[in-house]
Amino acid sequence: MTSIRTYTGDIRVCATCAQPAFKESEVVWAHFDEQWDGIWCPYFPLAGDVIVVQWDRESLETLRGQYPDTHPERPRRRRGSAA
Ligand SMILES: [Zn+2]
């Protein structure tokens, strides 16, 4: 499990869905945990071809802020469930 909020490696953008992705292995790029919900990518949880982005610190922080921690393992009410 990899969080965009703590990941310190190279972050690129998936050319298919225009959302961030990280290098999961030598040959595979994947999307982050925070993208489990609300992402539309035909390759999810993997990513398609990626585009190199020259992030500066501010743009990276902005990017991370767009992906709040909504991991299902944390106790929270699921959207749409009758509680
Ligand atoms: Zn994608």
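Computed from heavy atoms alone, side chains included, the values below leave out hydrogens, waters and symmetry copies. Counting starts at 1 for both ligands and their atoms, following the listed order.
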(request) Kindly state each residue pair satisfying salt bridge (Lys or Arg N to Asp or Glu O under 4.0 Å) with at least one member in residues 6-29, sequence neighbours excluded. (result) Asp10-Arg12

(message) Tell me how many protein N, O or S atoms are within a distance shorter than 2.8 Å of the Zn ion (ligand 1).
(response) 4

(message) Quick check: closest heavy atoms across Tyr67 and Glu34, and the distance to 0.1 Å?
(response) O-CG, 3.6 Å

(request) Find out whether Ile11 and Val53 are in side-chain contact, i.e. whether some heavy atom of one side chain is under 4.5 Å from a heavy atom of the other. (result) no

(request) Each residue besides Trp29 in its hydrophobic cluster should be listed here, by chain and number; the cluster joins Ile, Leu, Val, Met, Phe, Trp and Tyr at side-chain heavy-atom distances under 4.5 Å. (result) Val50

(request) Quick one: which residue pairs count as a salt bridge (Lys or Arg N to Asp or Glu O under 4.0 Å) with a foot in residues 49-63, not counting sequence neighbours? (result) Glu61-Arg64

(request) Can you label the angle between the Tyr7 ring and the Phe22 ring as parallel, tilted or perpendicular, going by 30° and 60°? (result) tilted

